[in-house]
Amino acid sequence: MDTREARTAIFLEAARDAGMEAMRGTAVYAAVNMAQLSKTVAAAAISCAFRIVDEVKKLHSGDRTGTECAEAVADVCLSALTGVVCAELARKRIKNPTLAPILGSAAGVFLYELSKVPVKLAVDALPGANPTVA
């Protein structure tokens, strides 16, 4: 690939990513102002929707099986839920309105990631379960 082709590819990828982020920002803005959701809930719901679309694209392209897609979507939803719950709890305890949701969400996702492997191992150990590598 020559330099001109490389620059064009980089430009197109950057334009696509900027468009996606503009859509995400617009959707969050609309959810906050029209649906009267908190910023934390709106951002998590919109990000969750975008991540689910990415997983479905992988399913349609053949990169994932139906089971893998379902597990990935469940993981996305549980991660978002944990982040939102912890962010809202942090908002009640930490008086800084900007820092509280960031710290709460980060702590929630961190705790979810810590608990994910032991829970998966416990589910796989159930009778009739299909053991997989965590």
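No hydrogens, no waters, no symmetry mates; every other heavy atom, side chains included, goes into these values.
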Pairwise distance CG(L78) to OG(S115) - rounded to 0.5 angstrom: 9.0 Å
Distance, nearest 0.5 Å, that separates CG of L103 from CG of L89: 13.5 Å
message: Side chains of S47 and R24, heavy atoms from C-beta outward: is any pair under 4.5 Å?
response: yes
- request: Kindly give the heavy-atom pair with the smallest separation between N96 and T98, and that separation in Å.
  value: OD1-N, 3.0 Å
statement: Between the CG atom in L111 and the OG atom in S79, the distance rounded to the nearest 0.5 Å is 11.0 Å
query: If you link I, L, V, M, F, W and Y whenever their side-chain heavy atoms are under 4.5 Å apart, who else ends up in the same group as I52?
result: V56, V73, V76
statement: Shortest non-hydrogen pair, A90 vs G104, comes out as CB-CA, 3.6 Å
task: Check whether any side-chain heavy atom of T65 lies under 4.5 Å from a side-chain heavy atom of E68, and answer yes or no.
output: yes
- request: Answer whether the closest heavy-atom distance between the side chains of S105 and C86 falls below 4.5 Å.
  value: no
field: Pairwise distance CE(M20) to CG(D54) - rounded to 0.5 angstrom
entry: 6.5 Å
Name the atoms and distances for all side-chain donor-acceptor pairs under 3.5 Å in residues 31-43, with sequence neighbours left out.
{"from": "N33", "atom 1": "ND2", "to": "Y29", "atom 2": "O", "distance (Å)": "3.1"}
{"from": "Q36", "atom 1": "NE2", "to": "N33", "atom 2": "O", "distance (Å)": "2.9"}
{"from": "S38", "atom 1": "OG", "to": "V41", "atom 2": "N", "distance (Å)": "3.3"}
{"from": "S38", "atom 1": "OG", "to": "E88", "atom 2": "OE2", "distance (Å)": "3.3"}

- prompt: Could you give the distance from CZ (R91) to CZ (R93), rounded to the nearest 0.5 Å?
  reply: 14.5 Å
field: Nearest-0.5 Å distance that lies between atom CD in E71 and atom CD in E55
entry: 11.0 Å
query: Is any side-chain heavy atom of D75 less than 4.5 Å from a side-chain heavy atom of Y112?
result: yes
